[in-house]
Amino acid sequence: MKNLAIVSSLFIGLTPSYLLAGEGKPYFTASIGGSQVGDIDVTGIDSDIEFDSGSSFDIGIGYDFGKTRLEGTYQRHQSNGASWLGFAIDTDAFSDSFLGTIYRDFRDEKLWSPFIGASLGFSSVEIDNESESSITYGLAWGIAYETSPTTDIFFKAHTI
C-alpha cells in the first residue's frame with residue numbers, strides 16, 4: 001500500500017465523569033458505531049478497491065477545562081469485505097489509531113452541547129496481513145446531551 005486509507009466513523013457513546021465535580025475534571029469515554037474505510041487507488045488501473053462499511057469503537061480518557069477538552073483515545077475500525085473491478089473480495093481490513101484530540105464545546109449552561117475537535121496521532125492499517133503505519137490527523141464533530149451532572153450521551157462523527 002502506498003497511502004493509508006481514510007476512515008470515517010459515526011459513534012454513539014457515553015462519557016461518565018465521576019472523579020471531580022465542575023470544570024477541571026478528568027473523565028472516561030467509550031463509544032461504539034459504524035465506520036467506512038476509504039477507497040484505495042490502485043496504480044496503473046482505473047478502478048479503486050472499495051471497502052464495505054464496518055464497525056468501530058473507541059475508548060479513552062480526557063480532561064475537561066470548561067469549554068475546551070483534551071482527550072486521548074484508542075480507536076478500532078474494521079471492514080469484512082471489499083470489491084474491485086466488480087468482484088467481491090473476502091478480506092479483512094482493520095485500522096487502529098491512537099489519537100490526541102482537542103475539543104471545543106458550545107454548551108453555555110444548556111443540556112445540549114454541540115462540539116468540534118481536531119485530532120493528531122498514529123494509525124496502523126492492516127489489509128489481509130499487509131500493514132502500513134503513519135502519523136494521522138483528523139476532524140471530529142457532534143452533539144452531547146447531559147443526562148446528569150456527571151454523565152453525557154453523545155453522537156460523534158470522526159474522520160481520520
CG-CG distance between Leu70 and Asp64, expressed to the nearest 0.5 angstrom: 10.0 Å

Charged tip of Arg76 within 45° of Tyr74 ring normal and under 6.0 Å: no

Full working for side chain to side chain contact (heavy atoms under 4.5 Å, CB included) between Ser119 and His158: CA-CA 9 Å; Ser119 301; His158 204 160; 2.9 Å; yes

Flag side-chain contact, heavy atom, 4.5 Å: Phe154 against Ser31: yes

Pairwise side-chain contact, Tyr145 with Ile143, heavy-atom cut-off 4.5 Å (strictly under): no

Lys156 side chain reached by Asp58 side chain, heavy atoms, under 4.5 Å: yes

Residue pair Leu99 / Gln75, side-chain heavy-atom distance below 4.5 Å: yes

Pi-cation contact, Phe115 with Arg104 (under 6.0 Å, within 45°): no

Under 3.5 Å: donor-acceptor pair, side chain of Ser79, backbone of Asp52: yes

For the student: nearest non-hydrogen atoms of Ser97 and Ser123, plus distance: OG-OG, 2.5 Å

Counterpart residues, ring pair (Phe, Tyr, Trp, His ring centres under 6.0 Å), relative to Phe94 (two or more places apart): none

Ser83 side-chain N/O to Gly86 backbone N/O, donor-acceptor pair under 3.5 Å: no

Test item: Thr73 and Ile59 side chains (from C-beta on) under 4.5 Å apart, heavy atoms: no

Heavy-atom closest contact (Asp105 atom, Gly66 atom, distance): OD2-O, 4.0 Å

Shortest non-hydrogen contact from Gly117 toward Tyr103: CA-CD2, 3.7 Å

Separation between OG of Ser113 and CD of Glu146, rounded to the nearest 0.5 Å: 9.0 Å

Min side-chain heavy-atom separation Phe57-His77 under 4.5 Å: no

Member of Ile160, Leu120, Thr159 meeting the side-chain contact (heavy atoms from CB on, under 4.5 Å) criterion with Tyr137: Leu120

Pair Glu71-Tyr63, side-chain donor/acceptor within less than 3.5 Å: no

Side-chain touch Ile116/Phe106, heavy atoms, less than 4.5 angstrom: yes

OH on Tyr27 to CD1 on Ile61, rounded to 0.5 Å: 9.5 Å

Minimum side-chain heavy-atom gap Asp152-Thr29 below 4.5 Å: no

Distance in Å, Ile102 CD1 paired with Phe65 CZ, rounded so as to fall on 0.5 Å steps: 8.5 Å

